[in-house]
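As the structure is a computational prediction, the values presented were derived from the model and not from experiment. All values below were derived from every heavy atom in this structure, side-chain atoms included, with hydrogens, water molecules and symmetry-related copies excluded.
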Amino acid sequence: MQFVFKRNELKYRLREDQRRLLEELLAAHMEPDAHGASTVRNVYYDTPTHLLARRSEEHPLYKEKLRLRSYVPARESSLVFIELKKKFDGVVYKRRATLPLAAAEATLVGERAPQGQIEREIATVASVYEGLRPAMYLAYEREAFFARGDHDFRVTLDQGIRCRWDDVSLAGPTDGELLISPGETLMELKSSQALPLWMVEFLGSQRIFKASFSKYGAAWRLQSSRRPLCQQVLSTGGREGLPLVSGPRAGEQVRAKLRRGIAPYVIQRG
């Protein structure tokens, strides 16, 4: 099964009292989606130097992410979603296909021939990134809703957003480090059209403003804050075939490359 989405996705961070008020409105205007309340499990793929994460943090006009997703504990034969999420000028484009876990993993690392247009598009993008591999596990508790009579408008409420950088597999546990405060909710409004008036009025009355929050980006900030930039680059060990630099200004050269979105040099060990 293959899907294509094109829509706007707006994010808002809610306090507990704001969520309670919102839930009253959702009961009047929306219905729970097929997944209902669920634990969303994701594995994000990236290069050894976390190129996709770093680009996301720069807030470029265009960015993309590759991931696997499941709503239940997965095994090799379990059906999961393989996804390419692209964002250009504020509009989200998503390509999604359903595959057994083992086949989805093999497709992203170039070990399986894709079948169908969507799989081929995902595999083509994945092939651009040298050394692509499972980089980070991210999970959260989600409730999702769609508008009665209009499935174009969706609302998702995520709590307990957490990540880890080891045991990166959909078959593993769902524990990890929290990326938002306990009790806080990340709300996403998803639609290809204007927001309904009742939602606009709720946001205005509660003075809730749009937030810039990338789950993968937040996890990357947490991880990178613990490791010096030069150590992160050194950890690739030159496996990406990057040229070596050395000397007192080596760190400055690496940072300049990162700011420009170019694959960084590896700093030569002393």
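- Using a 4.0 Å cut-off between a side-chain N of Lys or Arg and a carboxylate O of Asp or Glu, Glu141 and Arg162 qualify as a salt bridge.
- Glu58 and Arg54 are not joined by a salt bridge, as no carboxylate oxygen comes within less than 4.0 angstrom of a charged side-chain nitrogen.
- Judged purely by distance below 3.5 Å, without hydrogens or angles, the side chains of Ser191 and Arg7 never pair a donor atom with an acceptor atom.
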Intermediate values then yes/no, side chain to side chain contact (heavy atoms under 4.5 Å, CB included), Asp158 and Ile180:
CA-CA 10 Å; Asp158 298 337; Ile180 62 174; over 6 Å; no
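- In this structure, His29 and Trp198 have parallel ring planes: the angle between them is below the 30° cut-off, well short of the 60° mark.
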Before you tell me yes or no, could you show the steps for Lys63 and Ser214 under side chain to side chain donor-acceptor pair (under 3.5 Å), namely the whole-Å CA-CA distance, both residues' side-chain angles and the distance that decides it to 0.1 Å?
CA-CA 12 Å; Lys63 62 181 179 180; Ser214 162; 5.0 Å; no
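- Leu84 and Tyr93 fall into different hydrophobic clusters, where Ile, Leu, Val, Met, Phe, Trp and Tyr are joined by side-chain heavy atoms under 4.5 Å apart, directly or via other members.
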Check the pair Ile122, Leu108 against side chain to side chain contact (heavy atoms under 4.5 Å, CB included), reporting the backbone distance first and the verdict last.
CA-CA 8 Å; Ile122 295 173; Leu108 285 179; 3.9 Å; yes
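- Note that Lys215 lies in the cation-pi zone of Tyr140, set by a 6.0 Å cut-off to the ring centre and a 45° limit from the axis.
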For side chain to side chain donor-acceptor pair (under 3.5 Å), just list the numbers for Tyr216 and Asp46, CA-CA rounded to whole Å, side-chain angles, deciding distance to a tenth of an Å, and then say yes or no.
CA-CA 11 Å; Tyr216 187 36; Asp46 211 329; 2.6 Å; yes
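- Using a distance-only test at 3.5 Å, with no hydrogens or angles considered, no donor-acceptor pair links the side chain of Glu119 to the main chain of Gly116.
- Distance alone, capped at 3.5 Å, is enough to place a donor-acceptor pair between the Arg41 side chain and the Tyr71 backbone.
- Without hydrogens or angle criteria, Ser70 side chain to Val72 main chain gives a donor-acceptor distance under 3.5 Å.
- A donor-acceptor pair is defined here as one N or O able to donate and one able to accept, closer than 3.5 Å; such a pair exists between the side chain of Arg164 and the backbone of Asp166.
- We find that Lys11 and Glu9 are not joined by a salt bridge, their nearest charged nitrogen and carboxylate oxygen being 4.0 Å or further apart.
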Side chain to side chain donor-acceptor pair (under 3.5 Å) between Thr107 and Arg112: does it pass, once the steps are laid out?
CA-CA 5 Å; Thr107 300; Arg112 172 187 173 272; 2.8 Å; yes
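- No donor-acceptor pair closer than 3.5 Å links the side chain of Ser56 to the backbone N or O of Ala53.
- Considering only heavy atoms from C-beta on, Met199 comes within 4.5 Å of Val155 through its side chain.
- Side-chain heavy atoms closer than 4.5 Å link hydrophobic residues (I, L, V, M, F, W, Y) into clusters, and following such links, even through other members, never connects Leu197 to Leu203.
- Taking the ring centre of Phe81 as origin, the terminal cationic atom of Arg69 falls outside the region bounded by 6.0 Å and 45° from the ring axis.
- Counting only distance, with no hydrogens or angles, the side chain of Thr185 and the backbone of Met187 share no donor-acceptor pair below 3.5 Å.
- Both Leu26 and Phe202 sit in one connected hydrophobic cluster of ILVMFWY residues. Membership requires side-chain heavy atoms under 4.5 Å apart, directly or through other members.
- A salt bridge is absent between Lys86 and Glu64; no separation between the charged side-chain nitrogens and carboxylate oxygens falls under 4.0 Å.
- Within the 3.5 Å criterion, the main-chain N or O of Leu138 finds a donor-acceptor partner in the side chain of Asn42.
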